[in-house]
Visitor: 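Here you go, one structure.
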Protein chains: 2
Amino acid sequence: MNERPREELPSLDPEMFDPVCPSPLVPFRVGDKWAPLVLRCLEGGPRRFSELKVPLRGITSKSLTHSLRALERGGFVARTEEPLPEHGVYYALTALGRGLLGPLDAACAWTRDHWDELIDAHEEAALASADRGV
Amino acid sequence: MNERPREELPSLDPEMFDPVCPSPLVPFRVGDKWAPLVLRCLEGGPRRFSELKVPLRGITSKSLTHSLRALERGGFVARTEEPLPEHGVYYALTALGRGLLGPLDAACAWTRDHWDELIDAHEEAALASADRGV
DNA sequence: GGGCCTGGTATCCGATCGGATACCGGCCTA
DNA sequence: TAGGCCGGTATCCGATCGGATACCAGGCCC
């Protein structure tokens, strides 16, 4: 599927994700907490475990393993052990996984388009609940 | 926003949702467990609490209240208490909530389009794990 | 006044999620 | 042979999710 794994694939930007993403306002979820970020990381080509941990700042091995296993079980990501010289474990999107990027993009776009409304609604709700309680 | 609440609005089909929807295979979530179903129920117009409980077979008052409150806080659903003669509590989609139906439809469509692949991937994963373990 | 229906709340409980921490075996290199 | 990186696993813990059950206040109807 991917001929030669990673000829000169640029390394992942350690800051590709906003560390203070206000995700609680976003009404969509794709997989578990880290899944959408993992999918993004794999968009450019196969990556190894330790490579994924860089932009996913703060993720523990356990969480990353768990997320990857779930994506694997769903058929969205494939795990392969490469022999020498590229030696290591590589994770790559399957066709199905790549297809998932479409809806993911759509969800992101919708959120961006309605960001102000989401903020407003959230603040209004906070005010209203402050009126009623406390 | 809605002139006269519910003139001859057809009542909800108690069987509008498949009781054995295999949702664990679906990689998307919109809000909490019941949120997408609630949104669907409100698609046709404002509904009262007890009306919503019909197609959402088995939902408890607590869960429905919780789900509705969350949707309210997010600005997707509005709660209004109607005086006589329509007397009662009505829940309706806001503009933002109605907008949410777009991405929701898209997610449903994607899932339908890739249903066979999702099933296959899931069964293959089950086989593979059976090979490795037990 | 004694039912009902409506629209909830209060409490408890088990399951799951996700982070913190510690540990580990295989391999490469110095 | 010692230390490092790589790719994890094992254990514990607190927070959250979601169901079960019980209860309740207000209004209408007889």
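Fair warning: this is a prediction, and the values are worked out from it, not measured in the lab.
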Visitor: Between A:L56 (CG) and C:dG18 (C1'), how many Å, whole number?
Guide: 14 Å

Visitor: Using the C1' atoms of the five pairs at each end, what is the angle between the end axes of the helix from C:dG1-D:dC30 to C:dA30-D:dT1, to 10°?
Guide: 10°

Visitor: For B:S11 and B:R47, which heavy atoms make the closest approach, and how far apart are they?
Guide: CA-NH1, 3.8 Å

Visitor: I need the CD-P distance between A:E82 and D:dG7, as an integer number of Å.
Guide: 12 Å

Visitor: Checking A:R79 now: which residues fulfil salt bridge (charged side-chain N to carboxylate O under 4.0 Å, His left out) with it, not counting sequence neighbours?
Guide: A:E81

Visitor: Can a side chain N or O of A:S63 be found less than 4.0 Å away from OP1 or OP2 on C:dG18?
Guide: no

Visitor: For a quick check, with a 4.0 angstrom heavy-atom cut-off, what is the B/S/- contact string for nucleotides 5-15 of chain C, read 5' to 3'?
Guide: -SSBB-BB---

Visitor: Going by salt bridge (Lys or Arg N to Asp or Glu O under 4.0 Å), name the pairs with one or both residues in residues 108-121 of chain B, residues two or more places apart or in two chains.
Guide: none

Visitor: Rounded to whole angstroms, how far apart are CD on B:E81 and P on D:dG26?
Guide: 13 Å

Visitor: Run through B:L93, B:L71, B:D32 and flag the one making a side-chain contact (heavy atoms from CB on, under 4.5 Å) with B:V38.
Guide: B:L71

Visitor: Atom CZ of A:R29 and atom P of D:dT16: how far apart are they, to the nearest Å?
Guide: 14 Å

Visitor: Measure CH2/B:W34 against C1'/D:dG19 and give the value in whole Å, please.
Guide: 10 Å

Visitor: For residues B:K53 and B:S61, is any side-chain donor paired with an opposing acceptor at under 3.5 Å?
Guide: yes

Visitor: Looking at residues at least two apart in the chain, or sitting in another chain, which of them share a ring-ring contact (aromatic ring centres under 6.0 Å, His included) with B:F28?
Guide: B:W110

Visitor: Please report the shortest heavy-atom distance between A:R98 and A:L42, naming the atom on each side.
Guide: NH2-O, 4.3 Å

Visitor: With sequence neighbours excluded, tell me which residues meet ring-ring contact (aromatic ring centres under 6.0 Å, His included) with A:W34.
Guide: none

Visitor: Send over the distance from A:I59 CD1 to C:dC17 C1', rounded to a whole Å.
Guide: 13 Å

